[in-house]
Amino acid sequence: MPEVIDFHCHVFPEAVAAKATNNVGTYYGINMHGKGLATELENFNKSFPVKGFVIHSSATTPHQVEHVNDFIADYVKKDDCFIGFGTIHPGYEDYKKEIYRIKALGLKGIKFHPDFQGFKIDDPEMFPIYDFLAAQGLPALFHVGDEHTDNSTPQAMASVLDMFPNFTVIAAHMGGFSKWDEAEKCLYGKNVYFDTSSTVIRISHEHLRELIYEHGVDKILFGSDYPVQTTKEAYEDMLKLGLSEEDLEKILHKNAEKLLGL
């Protein structure tokens with residue numbers, strides 16, 4: 001079986017998972033292939049074993065922050081196939097205390113979804129949070145390039161990278177979901193990781209291969225964007241790119257292991 005770390009998996013509490021998954025599918029106009037449940041990932045793992053799933057869920061209000069972090073941490077403790085990323089909302093006041101707690105819970109980073117959380121990536125009010133995350137050595141995974149708002153533009157992401165050169169950032173969806181031309185102009189070649197999630201649902205395998213080599217294989221992470229795709233489906237798409245075995249191994253797990261110190 002392949003060695004795979006799926007770096008981009010959304011999971012939700014069982015009581016809201018169906019609604020949350022359907023809402024995401026409706027918002028982006030895509031068919032969802034999973035239920036958004038950590039337990040479903042556990043079941044998938046029995047038939048398609050992987051090294052790990054990076055799971056996360058973005059708090060859309062400040063009062064959700066601690067509940068979401070506890071929810072993710074519970075699954076990380078329960079099953080060693082899970083690697084957790086926490087959440088911080090821009091309206092959450094004592095973010096330093098919660099970031100310390102996130103680290104104590106064993107979570108490995110932070111996930112931001114500017115469009116769902118209602119902030120612009122380059123909003124100066126976010127700068128103290130970015131600065132503190134950089135000081136704590138916690139990477140941040142950003143949804144970048146949404147077509148419905150200008151909160152998460154690749155240009156805004158590039159500005160943040162320039163201001164915080166020690167901030168480790170993963171720009172999801174190859175740096176710009178639906179905005180790859182803009183991403184190529186301002187993000188490619190910078191010191192930033194990309195993940196491959198939700199790319200081949202919009203662009204060809206040939207285009208994705210070109211983008212991977214343009215930015216550099218060492219900064220690419222494999223991701224399914226579960227429940228958009230399953231890990232197995234996204235993995236099969238990766239095999240269609242015609243990458244060398246060495247490059248494929250870096251993307252599928254070695255880059256993630258190095259980044260997260262696994």
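Linking Ile, Leu, Val, Met, Phe, Trp and Tyr whenever their side-chain heavy atoms come within less than 4.5 Å leaves I129 and L141 in two separate clusters. Grouping the Ile, Leu, Val, Met, Phe, Trp and Tyr side chains by contacts below 4.5 angstrom, directly or via other members, places F164 with L138. By the rule that hydrophobic residues join a cluster once side-chain heavy atoms approach within less than 4.5 Å of another member, I170 and F132 end up as members of separate clusters. Cluster membership check: L161 shares its hydrophobic cluster with I220, using side-chain heavy-atom separations under 4.5 Å among Ile, Leu, Val, Met, Phe, Trp and Tyr. I83 and I55 fall into different hydrophobic clusters, where Ile, Leu, Val, Met, Phe, Trp and Tyr side chains are chained together by heavy-atom contacts under 4.5 Å.
For N31, the CG atom is loosely surrounded, since the number of other residues' heavy atoms within 6.0 Å does not exceed 12. Counted within 6.0 Å of CG on N191, heavy atoms from surrounding residues, nucleotides or ligands total 12 or fewer; the atom is thus considered open. Within 6.0 Å of NZ on K219 lie more than 12 heavy atoms contributed by other residues, nucleotides or ligands.
The shortest side-chain heavy-atom distance between F53 and N45 falls under the 4.5 Å cut-off. No side-chain heavy atom of F85 sits under 4.5 Å from any side-chain heavy atom of I102. Taking the side chain as every heavy atom from C-beta outward, Y100 and Q136 approach each other to under 4.5 Å. Contact check for Y213 versus L243: side-chain heavy atoms found under the 4.5 Å cut-off. At a threshold of 4.5 Å between non-hydrogen side-chain atoms, the residues N151 and D146 do not count as touching. Side-chain contact check for T196 versus M174: some heavy-atom pair is nearer than 4.5 Å. Considering only heavy atoms from C-beta on, Q117 comes within 4.5 Å of T87 through its side chain. Contact check for F119 versus E125: no side-chain heavy atoms found under the 4.5 Å cut-off.
Relative ring orientation between Y188 and F194 is described as tilted, the plane-to-plane angle lying within the 30° to 60° band. The aromatic rings of H173 and H8 sit tilted relative to each other, their planes meeting at an angle between 30° and 60°. In this pair, H10 and F12 present their aromatic rings parallel. The plane angle is below 30°, not in the 30 to 60° band.
Between the CD atom of E257 and the CD atom of E249 there is a distance of 10.0 Å, given to the nearest 0.5 Å. Atoms OG and CZ, from S197 and F222 in turn, are 9.5 Å apart once rounded to the nearest 0.5 Å.
In this structure, H215 contributes its side chain and V192 its backbone to a donor-acceptor pair below 3.5 Å. Not one N or O on the side chain of E40 forms a donor-acceptor pair closer than 3.5 Å with the backbone of V11. Within the 3.5 Å criterion, the main-chain N or O of N255 finds no donor-acceptor partner in the side chain of D218. Remark: side-chain polar atoms of D6 are paired, donor with acceptor, to backbone N or O of S224 under 3.5 angstrom. Judged purely by atom type and a 3.5 angstrom limit, K111 has no side-chain atom pairing as donor or acceptor with the backbone of S57. Q229 contributes no side-chain N or O that, together with a main-chain N or O of S198, makes up a donor-acceptor pair within less than 3.5 Å. The backbone N or O of D115 sits nowhere less than 3.5 Å from a side-chain atom of T149 that would complete a donor-acceptor pair. Under a 3.5 Å cut-off, the side chain of T21 and the backbone N or O of K35 do form a donor-acceptor pair. A donor-acceptor pair is defined here as one N or O able to donate and one able to accept, closer than 3.5 Å; no such pair exists between the side chain of T230 and the backbone of Y226. At least one donor-acceptor pair closer than 3.5 Å links the side chain of E182 to the backbone N or O of Q155.
Scanning both residues, I121 and S152, for their nearest heavy atoms gives CD1-CA, 3.6 Å. Annotation for G36 and P227: closest pair N-CB, 3.6 Å, computed over non-hydrogen atoms.
Salt-bridge formation is detected for the pair D70/R101: a Lys NZ or Arg NE/NH1/NH2 atom is positioned less than 4.0 Å from an Asp or Glu carboxylate oxygen. The existence of a salt bridge linking K232 and E236 is confirmed by a sub-4.0 Å separation between a basic side-chain nitrogen and an acidic carboxylate oxygen.
Under 3.5 Å, the side chains of E42 and Y75 contain no donor-acceptor pair of N or O atoms. Side-chain N/O atoms of D150 and T153 include no donor and acceptor closer than 3.5 Å.
Proximity of the aromatic rings of Y193 and F7 is defined here by a centroid distance below 6.0 angstrom, and this criterion is not met.
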